[in-house]
Amino acid sequence: PALGFAGEPSPGPEWIARLHGCGFTLAAHYLSARSTADPRALVADHTGADAARPARWADLRILDLATLQRQAGAGAALLPGIHALVQAGFRRQPYFLPIAAPVFERWLAAALPESEPAFTLLAFDGAPPAGAVVGLLLAQRQARTLVVRTLVVWPGRRWAGLGRLLLAEAHRRAWQQGCTQLIHALMHEGSASRVLSRTSATPCSGYVLLERPLGARGG
């Protein structure tokens, strides 16, 4: 069943058989998960990690876009770091295509002002804007629902666990501001986000991506 958040694919399952008849086959499966549970367990994990960080996280800083926007010039200064993070963090994901830095930065400069500043979380290795961007969570509030759309962490063992920390922070902020549910949106079934989501949300909606070779003709 559709959850009804902005950007959710709208065609229903009746289209699958029709597309199969036109020569399309299954390429990938995605899902969304819902959390309506009290987030105190996640918050406890976050607090513990924050209070007793491993030594490798000694310089970790997590700030939201609203805070960063109050720093003169911080937005433009962060764009190259966000581009590097996205390229590194998603390069092994299905269907990922590299985007040149100038193109990505123009797109992000236009998109960030429309995002939810309080729920756009960035993690830095060192004080921003000079510190390297090593984590990013993008979410959008819709009434009393927070939709988590993007979660990416710099690859490597040093930042293992940072994704969970960012997700816990999003949960904490959502409940503080009166949200009653969170949606972890459109996760590829084999992604790291799906693994993180299992601890705090229940799958509630599934999607398929269909493909057909160019030039193929269906029945």
Side-chain angles (χ1 to χ4, degrees), residues 1-35 79-80 82-116 119-120 133 135-143 145-156 163-164 166-167 170 181-219:
L3 299 174
F5 57 85
E8 183 181 26
S10 58
E14 67 277 3
W15 282 93
I16 297 176
R18 299 180 188 180
L19 291 169
H20 276 312
C22 296
F24 284 85
T25 57
L26 178 66
H29 181 256
Y30 294 79
L31 58 85
S32 294
R34 177 191 286 118
S35 174
L79 293 178
I82 295 174
H83 173 260
L85 169 66
V86 169
Q87 300 299 298
F90 285 131
R91 68 174 180 263
R92 295 184 179 178
Q93 295 299 311
Y95 313 109
F96 172 75
L97 290 175
I99 302 174
V103 176
F104 178 85
E105 291 172 16
R106 285 197 298 271
W107 171 83
L108 194 63
L112 280 181
E114 299 177 0
S115 65
E116 189 88 14
F119 296 112
T120 299
V133 183
L136 171 68
L137 183 145
L138 300 177
Q140 182 179 5
R141 182 172 179 174
Q142 299 173 10
T145 297
L146 184 70
V147 180
V148 179
R149 297 184 174 279
T150 300
L151 176 59
V152 58
V153 170
W154 195 271
R164 180 171 175 79
L166 287 168
L167 192 60
Q181 68 173 354
L182 277 83
I183 302 296
H184 302 169
L186 303 175
M187 299 174 288
H188 185 268
E189 60 182 353
S191 69
S193 295
R194 173 69 189 111
V195 175
L196 288 173
S197 179
R198 288 174 183 160
T199 65
S200 56
T202 302
C204 54
S205 193
Y207 321 90
V208 293
L209 177 66
L210 302 176
E211 66 180 2
R212 188 180 75 173
L214 292 175
R217 294 182 179 273

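Residue numbers start at 1 and run along the sequence shown. All values reported here derive from a predicted model rather than from experimental measurement. All values below come from the heavy atoms of this structure, side chains included, with hydrogens, waters and symmetry mates left out.
The shortest side-chain heavy-atom distance between Leu209 and Tyr95 falls under the 4.5 Å cut-off. Residues Thr120 and Leu137 are not in side-chain contact: their nearest non-hydrogen atoms beyond the backbone lie 4.5 Å or more apart. Inter-residue side-chain proximity for Leu151 and Leu136 is flagged as unmet; no heavy-atom pair is nearer than 4.5 Å. Phe5 places none of its side-chain heavy atoms less than 4.5 Å from the side chain of Thr145.
Going from atom CG of Leu146 over to atom CG of Leu182 covers 4.5 Å, rounded to the nearest 0.5 Å. Atoms OG1 and CD, from Thr150 and Gln140 in turn, are 11.0 Å apart once rounded to the nearest 0.5 Å. Taken from OH in Tyr207 to CE in Met187, the straight-line distance is 9.0 Å, to the nearest 0.5 Å.
The two residues Val86 and Phe96 come nearest to each other via the heavy atoms O-CE1, 4.3 Å. Nearest heavy atoms, Ser205 versus Glu8: OG-OE2, 3.7 Å. Nearest heavy-atom pair, Gly23 versus Arg212, reported as atom, atom and distance to 0.1 Å: O-CG, 3.4 Å. Minimum interatomic distance between Gln87 and Pro98 (heavy atoms only, all atoms of both residues): OE1-CA, 3.3 Å. Between His20 and Leu26, the shortest heavy-atom distance links the atoms CE1-N, 4.2 Å. Residues Ala84 and Trp154 come closest through the heavy atom pair O-CZ3, 3.5 Å.
When each of Arg34, Arg198, Arg194 is checked for a side-chain contact (heavy atoms from CB on, under 4.5 Å) with Pro203, only Arg194 meets the rule. Here the rule is side-chain hydrogen bond (donor to acceptor under 3.5 Å, both in side chains) with His184, and of Ser197, Ser35, Ser193 only Ser197 fits it.
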Quiz item: Run the side-chain contact (heavy atoms from CB on, under 4.5 Å) check on Ile82 and Phe104 step by step: do they pass?
Solution: CA-CA 9 Å; Ile82 295 174; Phe104 178 85; 4.1 Å; yes
Quiz item: When you look at Arg141 and Phe119, which way does the side-chain contact (heavy atoms from CB on, under 4.5 Å) test go after all the steps?
Solution: CA-CA 8 Å; Arg141 182 172 179 174; Phe119 296 112; 4.2 Å; yes
Quiz prompt | side-chain contact (heavy atoms from CB on, under 4.5 Å) between Thr25 and Leu210, intermediate numbers included | solution = CA-CA 5 Å; Thr25 57; Leu210 302 176; over 6 Å; no
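Without hydrogens or angle criteria, Ser32 side chain to Leu186 main chain gives a donor-acceptor distance under 3.5 Å. Under the 3.5 Å distance criterion, the side-chain polar atoms of Arg164 are left unmatched by any main-chain donor or acceptor of Leu166. His83 contributes a side-chain N or O that, together with a main-chain N or O of Ile99, makes up a donor-acceptor pair within less than 3.5 Å. Not a single donor-acceptor pair under 3.5 Å links the side chain of Arg149 to the backbone N or O of Ala185.
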